[in-house]
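Data block below; observations after.
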Amino acid sequence: MSELPLDGVTVVSLEQAVAAPLATRHLADLGARVIKLERIGEGDFARNYDTAVDGMASHFVWLNRGKESIALDLKSVDGVAIARELIARADVFVQNSAPGAAARLGLDPARLAQDHPALVAASITGYGDAGPLRDRKAYDLLIQAETGLVSLTGSPDEPAKTGVPVSDIAAGMYLAQSILAALLRRGRTGRGGIVDVSMFDATAEWIGHPMYVQMHTGRQTPRHGLGHAAIVPYDSFPTVDGRLLIGVQNDRGWRTLMADVFGRPDVADDPRFVTNTDRVAHRPECDAAVAAETARFSAAELASRLDAAGVPSAVLNDVAGLVDHPQLAERDRWRTVGTPVGPVRALLPPMGLRGVELAMGDVPALGEHSRALLTELGYPATTSEELIAAGVVG
């Protein structure tokens, strides 16, 4: 195996839920050593979201492979001292505690960065470190609502949140990217620095083109269910045995669909449908014209005809269909990772580095590495056992 990009990088993370654990899991996949600081007894509260993975929480298994866990009482002087010792030896510190919590524990990233100039001190916050909402607690759905994301998803009659926590995921992805950039800068300058990503900012960035439509036209982008707000036809259409999603990206594709696939040049050349702007203006009529043609075919036959013509389409899958998808199986995207309840399947990380097999370590039990980490810090075995007996370490 080739050397991993982050071999030799140590990350200490005071993390919970989704956003920060996702960021640090990506760093672990890239070869970083990630030490997870957890509360004694409960640990990361995502450990208790559900029991879907043979008794373990699905979120926790997804987000925490390849990490070491030390359980500490961070309300105690000794517990904070141990955390600070670990951070002093680290390259990166990550936290996504509630507003002000890290500072109350004596683990404020700004103070840590001042004490350790080479440290990259990174935070995920809900709304950033300024502004009227800086002290408000933030969860994924709340951010989806506050940024207007839910106004863009769902049916025309009912808004909906996304089926996965995209605000958390967006923030975690931007945090991982920012940490990598800070480490690259540190390689040139020797200085670490502070990284701050807010869930609100990350989600606002993902709003994308509807924000520009609003700013320049004053119009709210309407919800269209599976349809695209700015492209027609781009929706699911009926077949003899189900439905198939078809996405036409340009006017050439429209003519290919109607004239070549369906043999309807008259519809392709209908003045209401010739350009995408025309088709958006006449969405119901255009979609109805497409649906009248798709309903003549089975989904498999229609997909074959569309593929042959170069018109994009997709099956409307469910999650079971994804798990069993031949695209994953034939590309060898599944691996096995260890957990406290036994081996489980996990997807190979999507960061593709040719010739490099990314690390996919085990999911830790709460406090699994506490004793080993105390030994590494130089604590005698007797002292470690005293700290455990006193409830400072779990």
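Count residues from 1 along the sequence. The shown structure was predicted, so the numbers you read here are calculated from the model rather than taken from an experiment.
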Is any side-chain heavy atom of [X] less than 4.5 Å from a side-chain heavy atom of [Y]?
X	Y	result
Val150	Leu152	no
Pro109	Ser123	yes
Phe297	Val240	no
Leu377	Arg89	yes

Knowing that exactly one of Thr203, Thr162, Leu22 qualifies, which makes a side-chain contact (heavy atoms from CB on, under 4.5 Å) with Ile169?
->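 Among Thr203, Thr162, Leu22, the one meeting side-chain contact (heavy atoms from CB on, under 4.5 Å) with Ile169 is Leu22.
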Decide whether [X] and [Y] meet the rule of one side-chain donor and one side-chain acceptor closer than 3.5 Å.
X	Y	answer
Asp307	Ser304	no
Ser167	Gln144	no
Ser58	Asp50	yes
Ser69	Glu368	no
Lys67	Thr24	yes

Donor-acceptor contact below 3.5 Å, side chain His282 vs main chain Asp278 =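 At least one qualifying donor-acceptor pair exists.
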Measuring from [X]:[atom1] to [Y]:[atom2], what's the distance to the nearest 0.5 Å?
X	Y	atom1	atom2	answer
Thr294	Leu306	OG1	CG	9.5 Å
Tyr174	Asp201	OH	CG	10.5 Å
Ser313	Leu244	OG	CG	4.5 Å
Leu149	Leu141	CG	CG	10.0 Å

Establish whether [X] and [Y] are linked, either directly or via other cluster members, by ILVMFWY side-chain heavy-atom contacts under 4.5 Å.
X	Y	result
Val12	Ile124	no
Val197	Leu112	no
Val232	Val290	no
Val319	Trp62	no

Taking transitive links into account, so neighbours of neighbours count too, which hydrophobic residues share a cluster with [X] at under 4.5 Å side-chain distance?
X	result
Leu245	Leu226, Ile231, Tyr234, Leu316
Tyr139	Leu142
Val274	none
Val337	Val53, Met56, Phe60, Val61, Val341, Val344, Leu348, Met360, Val363

Ile40 and Leu72: side-chain contact (heavy atoms from CB on, under 4.5 Å), yes or no, with the steps?
-> CA-CA 6 Å; Ile40 290 177; Leu72 295 172; 5.5 Å; no
In sequence, state the C-alpha distance, the side-chain angles, and the governing distance for Glu42 and Arg47, and then conclude on salt bridge (charged side-chain N to carboxylate O under 4.0 Å, His left out).
-> CA-CA 8 Å; Glu42 180 185 16; Arg47 285 183 179 273; over 6 Å; no
What residues, two or more places apart in sequence or in another chain, satisfy ring pair (Phe, Tyr, Trp, His ring centres under 6.0 Å) together with His26?
->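 For His26 there are no ring pair (Phe, Tyr, Trp, His ring centres under 6.0 Å) partners, ignoring immediate neighbours.
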Under the ring pair (Phe, Tyr, Trp, His ring centres under 6.0 Å) test, which residues partner Phe200, sequence neighbours left out?
->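 Checked Phe200 against ring pair (Phe, Tyr, Trp, His ring centres under 6.0 Å); matches are Tyr127.
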Dump the intermediate steps for salt bridge (charged side-chain N to carboxylate O under 4.0 Å, His left out) on Asp270 and Arg272, then the final yes or no.
-> CA-CA 5 Å; Asp270 187 313; Arg272 296 173 299 171; 2.9 Å; yes
For Gln16, the option from Glu38, Arg39, Gln95 that meets side chain to side chain donor-acceptor pair (under 3.5 Å) =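 Output: one option passes, namely Arg39.
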Test side chain to side chain donor-acceptor pair (under 3.5 Å) applied to Glu68 and Arg33, Lys36, His369, the passing residue |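 Going through the options one by one, the only one that passes is Arg33.
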Residue pair Pro222 / Ala229: nearest heavy atoms and the distance that separates them |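 Taking Pro222 first and Ala229 second, the nearest heavy atoms are O-CB, 4.2 Å.
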Which pairs with one or both residues in [range] pass salt bridge (Lys or Arg N to Asp or Glu O under 4.0 Å), sequence neighbours excluded?
range	value
residues 284-296	Arg264-Glu293, Glu293-Arg296
residues 54-66	Asp29-Arg65
residues 221-245	none

Test log, rule side-chain contact (heavy atoms from CB on, under 4.5 Å), inputs Leu358 and Met351 = CA-CA 8 Å; Leu358 297 182; Met351 297 86 75; 4.0 Å; yes
Any side chain to side chain donor-acceptor pair (under 3.5 Å) involving residues 183-196? Give me the pairs, sequence neighbours left out, ordered by first then second residue.
->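 Those involving residues 183-196 are Asp91-Arg186.
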Tell me, which pairs form a side chain to side chain donor-acceptor pair (under 3.5 Å) where one or both residues lie in residues 105-117, sequence neighbours left out?
->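 Passing the test, one end in residues 105-117: Arg84-Asp115, Arg111-Asp115.
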Checking salt bridge (charged side-chain N to carboxylate O under 4.0 Å, His left out) for the pair Asp269/Arg255: CA distance, chi angles, key distance, verdict?
-> CA-CA 8 Å; Asp269 295 332; Arg255 181 162 185 81; 2.5 Å; yes
Should the ring pair Phe45 and Tyr49 be called parallel, tilted or perpendicular, given that the plane angle runs from 0 to 90° and is split at 30 and 60?
->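 Judged by the thresholds at 30° and 60°, the geometry between Phe45 and Tyr49 is tilted.
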Per-pair distances, 0.1 Å, donor-acceptor, side chain in residues 321-330, under 3.5 Å, sequence neighbours excluded:
| residue | atom | partner | partner atom | Å |
| --- | --- | --- | --- | --- |
| His325 | ND1 | Gln327 | N | 3.0 |

